[in-house]
Amino acid sequence: MFYLAIAFLFLVSLVVFMWREAQRNEVLADVLTFPHYPWQKPLTIFFISDIHRRTIHPSIIEQVKGRTDIVIIGGDLAEKGVPLERISRNLESLKQVAPVFFVWGNNDYEIPSAELSKLFQEQGIHVLRNDSFCLSADVTDDSSVYLIGVDDVSKGNSCKTSAFKEVRNEAFKILVSHNPIFRNKLTAADDVSLFLSGHTHGGQIRFLGFGPYKKGGWERQGEMEVLVSNGYGTSGVPLRLGAKAETHLITIKKE
């Protein structure tokens, strides 16, 4: 009986710990330097992916407000069962920080697309669906910076050709894909400097360092910096272990 009680207490403690890991409100700050980044002024991005059922905590907004040039939602803003009111509140919170850009994730397709698209239009969200957006004032300038967003690859909706159609070859390119597997479609000729993704949740629950997916973090693929984020929310169960919830404040500078 004593050992059963100990085992029960351990299990309860573990579940409480995993719940707290899933409810973290952490902003990880990184500074990246590139020799070919064209601006003297740094560009700072707040990147958040895989929000799912969570409501963005005010402390997150306070940490990045006034420090950010653009906000990027890396897909899975929501999932089936998440009320539109909560999605709208999250978007309102992010809009307090900076202009918001969005790419579609697989779970976003569980929300009626017409309702979500209407909400984006009402909120003034820039949706990048196999499309690009020039962050420079002059799109013909060689010093242009382009944000490129592809639709979810697991749904068969991504199109690299369409995404790059309006992008100048000489531009500094930032590509956002919810699913990190899209990076396998890129070549050195695409000249993407920064790749941002989520989707995997870093495995979400990892025992002894093992999980269904690799733990999130930074990698390098050729000359391209790659971020696969653990994400902010969860799917299935609201628990995490060994892959705590995270968001990212990324500053890009000229080397």
Side-chain angles (χ1 to χ4, degrees), residues 26-50 64 67-76 101 103 105 128 130 132-133 135 142-154 158-161 163-164 167-204 206 209-232 242-255:
E26 189 166 10
V27 180
L28 302 180
D30 291 285
V31 177
L32 306 177
T33 59
F34 298 89
H36 54 291
Y37 173 68
W39 298 348
Q40 294 302 316
K41 178 184 180 297
L43 173 67
T44 302
I45 300 167
F46 176 59
F47 180 68
I48 183 170
S49 71
D50 302 280
V64 299
R67 304 171 60 192
T68 307
D69 296 305
I70 59 172
V71 174
I72 300 175
I73 305 172
D76 281 5
F101 294 83
V103 299
L128 295 175
N130 300 321
S132 62
F133 185 91
L135 298 174
D142 287 344
S143 65
S144 55
V145 175
Y146 274 83
L147 189 60
I148 305 164
V150 294
D151 206 339
D152 186 67
V153 66
S154 69
S158 65
C159 181
K160 175 179 160 181
T161 302
F164 279 82
V167 180
R168 292 173 58 83
N169 291 333
E170 304 83 2
F172 184 88
K173 305 179 188 77
I174 303 166
L175 192 143
V176 188
S177 168
H178 174 65
N179 194 319
I181 200 172
F182 187 83
R183 62 181 172 173
N184 296 333
K185 295 178 178 288
L186 299 176
T187 67
D190 295 318
D191 197 26
V192 173
S193 298
L194 178 60
F195 181 96
L196 302 175
S197 65
H199 180 62
T200 68
H201 299 191
Q204 189 166 314
R206 309 176 62 83
F210 295 96
Y213 291 101
K214 186 177 179 180
K215 188 175 179 179
W218 287 97
E219 302 175 15
R220 192 170 180 86
Q221 181 176 318
E223 296 300 314
M224 180 173 68
E225 295 288 350
V226 176
L227 172 65
V228 183
S229 175
N230 286 341
Y232 185 64
K244 56 191 176 184
E246 62 187 21
T247 65
H248 307 268
L249 191 67
I250 304 164
T251 301
I252 301 170
K253 292 183 175 182
K254 189 174 186 64
E255 190 173 76

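Of all non-hydrogen atoms in G149 and A163, the two that sit nearest each other are O-CB, 4.2 Å. Between Y37 and P42, the shortest heavy-atom distance links the atoms OH-C, 3.6 Å. Contact between T68 and I70 at its shortest, heavy atoms only, is CG2-O, 3.0 Å. Residue K173 comes nearest to I148 through the heavy atom pair CB-CD1, 4.0 Å, listed as atom of the first residue, atom of the second, then distance. Contact record, L186 with K160: CA-NZ, 4.2 Å, taken as the closest heavy-atom pair. For V228 against G198, the heavy-atom pair with the smallest separation is CG1-O, 3.9 Å.
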Which is it for V153 and K185 under the side chain to side chain contact (heavy atoms under 4.5 Å, CB included) test, yes or no, and what are the steps along the way? CA-CA 10 Å; V153 66; K185 295 178 178 288; 3.7 Å; yes

Test log, rule side chain to side chain contact (heavy atoms under 4.5 Å, CB included), inputs T200 and K214: CA-CA 8 Å; T200 68; K214 186 177 179 180; over 6 Å; no

CA sep, side-chain torsions, deciding dist, call: I174, I45, side chain to side chain contact (heavy atoms under 4.5 Å, CB included): CA-CA 11 Å; I174 303 166; I45 300 167; 4.0 Å; yes

Might you work through the side chain to side chain contact (heavy atoms under 4.5 Å, CB included) test for L128 and V176, ending with a clear yes or no? CA-CA 9 Å; L128 295 175; V176 188; 5.8 Å; no

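Here the two rings, on H201 and Y213, have centers that are 6.0 Å apart or farther.
The distance from atom CZ of R183 to atom OG of S197, rounded to the nearest 0.5 Å, is 7.0 Å. Expressed to the nearest 0.5 Å, how far CG of D191 lies from CZ of F164 amounts to 9.0 Å. F47 contributes atom CZ, which lies 13.0 Å from atom CG of L249 (distance to the nearest 0.5 angstrom). Between D76 atom CG and D152 atom CG the span is 7.5 Å, to the nearest 0.5 Å. Separation of atoms NZ (K254) and CG (L43) is listed at 14.0 Å; rounding is to 0.5 Å. The CG atom of D151 sits 11.5 Å away from the CG atom of N179 when rounded to the nearest 0.5 Å.
Screening residues 174-195 for ring-ring contact (aromatic ring centres under 6.0 Å, His included), with sequence neighbours left out, gives H178-H199.
Ring geometry for F34 against F172 counts as perpendicular: the plane angle is over 60°, on a 0 to 90° scale with 30° as the lower cut.
Not counting sequence neighbours, the partners of E223 by the salt bridge (charged side-chain N to carboxylate O under 4.0 Å, His left out) test are R220. E255 meets the side-chain contact (heavy atoms from CB on, under 4.5 Å) test with T33, P35; sequence neighbours excluded.
When atom types are taken as modelled, the side chain of E225 and the backbone of L32 share no donor-acceptor pair closer than 3.5 angstrom. A distance-only check finds no donor-acceptor pair linking the side chain of N230 to the backbone of E246 [under 3.5 Å].
A side-chain N or O of T44 and one of T251 form a donor-acceptor pair less than 3.5 Å apart.
Residues L196 and H248 have side chains not in contact (no heavy-atom distance under 4.5 Å, counting atoms from C-beta outward). Counting only heavy atoms from C-beta outward, the side chains of W218 and L227 approach each other to under 4.5 Å. Residues V103 and S177 are not in side-chain contact: their nearest non-hydrogen atoms beyond the backbone lie 4.5 Å or more apart.
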